[in-house]
Amino acid sequence: MTTPAELAILDAQYMARALELARKGHYTTHPNPRVGCVIVRDGQIVGEGWHVRAGEPHAEVHALRAAGELARGATAYVTLEPCSHHGRTPPCADALVNAGVARVVAAMQDPNPDVAGRGLQRLEQAGIATVSGVLESEARTLNQGFLKRMEHGLPFVRVKLAMSLDGRTAMASGESQWITGPAARSAVQRLRAQASVVLTGADTVLADNARLTVRVEELGLDAEQTALALSRPPLRVLVDGRLRVPLDAPFFKAGPALVATCVAVEEQYANGPECLIVPGYDGQVDLRQLLVELAHRGVNEVLVEAGPRLAGAFAQLGLVDEFLIFIAGKFLGSTARPLLDWPLAQMKDAPELKITDIRAVGDDWRVTAIPSPAASV
């Protein structure tokens with residue numbers, strides 16, 4: 001007879017495996033959450049699955065298909081509450097009921113108002129025992145973007161920065177390639193592939209001829225994950241309040257893009273990239289409203305790769321959820337350009353960050369930090 005303490009340990013072990021499966025969808029599930037499922041019967045895993053991409057079967061369906069008849073009387077471990085509504089696929093709660101599982105353990109409830117507890121309720125009404133909250137913190141971290149969009153109507157915003165030890169991002173001339181080494185650049189490519197949107201500004205595109213694409217040769221993934229990463233490239237968004245970037249720029253030649261502006265769209269854009277007119281002032285796009293518009297389009301995660309002015313604007317407005325700062329072991333000198341354009345007059349005005357992770361990336365270092373208190377919503 002398994003004691004409650006022993007059962008809790010087993011639940012955590014199997015949920016850890018379900019989370020491992022869910023992470024396989026890091027590059028592909030947008031706009032859906034990343035979800036994994038494990039079916040266990042008599043102490044043995046009899047089925048596993050993970051959600052690959054929107055419109056395709058969910059994790060529970062893949063796991064139930066793998067388990068077959070062995071799912072009857074089994075326990076299903078799912079990293080997110082099974083859905084109870086008809087979307088592009090049938091409800092997973094119904095699939096679990098029809099398969100005859102005896103118990104469902106969810107890492108967390110789904111914040112999607114179309115689900116929001118109704119999936120677990122559907123299971124309980126069918127006589128299935130349910131548990132929620134197993135490894136919930138890990139599950140929330142996995143789907144930060146989806147949760148932010150569902151709970152606050154905004155995407156999760158990461159700002160990627162690269163600097164020297166003296167906090168500089170480019171020489172006075174604008175020269176910036178390359179501050180960091182190959183390992184750091186590979187890590188950035190994976191961040192791009194993971195994001196729903198990669199966002200930059202006109203200054204960066206004009207100064208660097210930036211394309212902001214995912215470069216396959218630098219991803220550093222195995223063949224399976226590389227294929228997945230390339231199957232859903234992120235949307236590239238250019239913030240260009242005054243439409244300064246010419247249409248023959250390398251950025252536009254690199255593929256589909258969305259231009260966020262606050263001026264009337266010129267006639268030549270009729271056959272060019274899609275333009276989104278956002279409210280603004282003096283040629284400056286309202287960044288919060290831009291994020292709201294992106295969330296309406298199903299965007300979960302935004303990776304900002306921009307110069308000090310646009311990155312500083314996101315920071316000053318409290319729109320940043322996480323900073324990823326790559327630090328190279330070199331000095332660029334006092335005339336080089338700063339990390340953020342954020343004039344502060346007194347020490348008491350200096351914003352505080354909580355550093356959540358520091359690790360070596362090749363010859364460089366990556367500091368992960370979040371605003372303290374957390375970014376306003």
Side-chain angles (χ1 to χ4, degrees), residues 2 7-110 112 114-115 117-136 138-143 146 224-225 227-228 231:
T2 305
L7 183 58
I9 292 173
L10 290 172
D11 284 350
Q13 290 176 345
Y14 290 125
M15 188 61 74
R17 173 56 183 165
L19 286 165
E20 183 180 351
L21 292 168
R23 292 186 186 99
K24 290 177 175 285
H26 246 313
Y27 303 107
T28 57
T29 62
H30 164 88
N32 289 356
R34 302 160 183 133
V35 182
C37 180
V38 172
I39 308 293
V40 178
R41 179 171 173 174
D42 298 328
Q44 299 293 321
I45 294 177
V46 295
E48 294 184 335
W50 55 282
H51 182 47
V52 180
R53 56 178 57 86
E56 296 185 6
H58 290 185
E60 297 94 322
V61 174
H62 285 301
L64 289 171
R65 287 175 179 173
E69 285 300 315
L70 293 177
R72 190 163 300 278
T75 296
Y77 294 87
V78 193
T79 59
L80 188 67
E81 176 186 3
C83 61
S84 57
H85 66 292
H86 283 270
R88 295 168 68 177
T89 58
C92 292
D94 287 352
L96 291 164
V97 170
N98 295 334
V101 301
R103 183 170 176 259
V104 173
V105 180
M108 61 174 291
Q109 288 193 9
D110 192 335
N112 185 340
D114 290 332
V115 185
R118 287 188 284 274
L120 293 175
Q121 185 179 38
R122 168 75 178 94
L123 297 171
E124 291 166 355
Q125 289 172 343
I128 297 173
T130 66
V131 177
S132 181
V134 177
L135 301 188
E136 181 170 354
E138 291 86 341
R140 291 188 67 87
T141 298
L142 179 64
N143 283 306
F146 177 76
E224 178 187 15
Q225 287 292 294
L228 289 169
S231 70

* Asked: Do the side chains of His58 and Asn32 get nearer than 4.5 Å, heavy atoms only?
  -> yes

* Structure fact -> CG (Leu70) and CD1 (Ile45) are apart, to the nearest 0.5 Å, by 13.0 Å

* To do: Any chance you could measure Gln121, atom CD, to Gln109, atom CD, to the nearest 0.5 Å?
  => 10.0 Å

* Looking only at heavy atoms, what is the nearest atom pair of Pro31 and Ala54, with distance? -> CD-CB, 4.0 Å

* To do: Kindly say whether Asp110 contributes a backbone atom to a donor-acceptor pair with the side chain of Glu81 at under 3.5 angstrom?
  => yes

* No-hydrogen, no-angle side-chain donor-acceptor test under 3.5 Å, Glu124 and Thr130 -> yes

* **Closest contact, heavy atoms only, Lys24 versus Leu228** => O-CD1, 4.0 Å

* Asked: So do Glu138 and Met15 actually touch side chain to side chain, heavy atoms under 4.5 Å?
  -> no

* **Exercise: identify the closest heavy-atom pair between Leu120 and Pro82** => CD2-CD, 4.4 Å

* **Separation of His62 NE2 from Leu21 CG (nearest 0.5 Å)** => 11.0 Å

* Charged N to carboxylate O below 4.0 Å: is that the case for Arg23 and Glu20? -> no

* **Option from Leu64, Leu123, Thr75 for which side chain to side chain contact (heavy atoms under 4.5 Å, CB included) with Val101 holds** => Leu64

* Arg34 side chain to Leu142 main-chain N or O, any donor-acceptor pair under 3.5 Å? -> yes

* Can you find a pair of side-chain heavy atoms, one from Glu60 and one from Val78, that are under 4.5 Å apart? -> yes

* To do: Mind listing the closest non-hydrogen atom pair of His51 and Arg53 along with its distance?
  => CE1-O, 2.9 Å

* Asked: Should the pair Tyr77 and Tyr14 be assigned to parallel (<30°), tilted (30 to 60°) or perpendicular (>60°) ring geometry?
  -> tilted

* Spell out, as yes or no, whether a donor-acceptor pair under 3.5 Å connects the side chain of Thr79 to the backbone of Gly36. => yes

* Minimum-distance pair of heavy atoms, taken over all atoms of Leu96 and Ala76 -> CD2-CB, 3.9 Å

* Would you say Arg17 and Val40 make side-chain contact, with heavy atoms under 4.5 Å? -> no

* To do: Grab the two heavy atoms, one from Ile39 and one from Ala74, that are nearest each other, plus how far apart they are.
  => CG2-CB, 3.7 Å

* Got a sec: does the CD of Glu69 have more than 12 other heavy atoms crowding it under 6.0 Å? -> no

* Asked: What is the distance from atom CG of Leu80 to atom CZ of Phe146, rounded to the nearest 0.5 Å?
  -> 6.5 Å

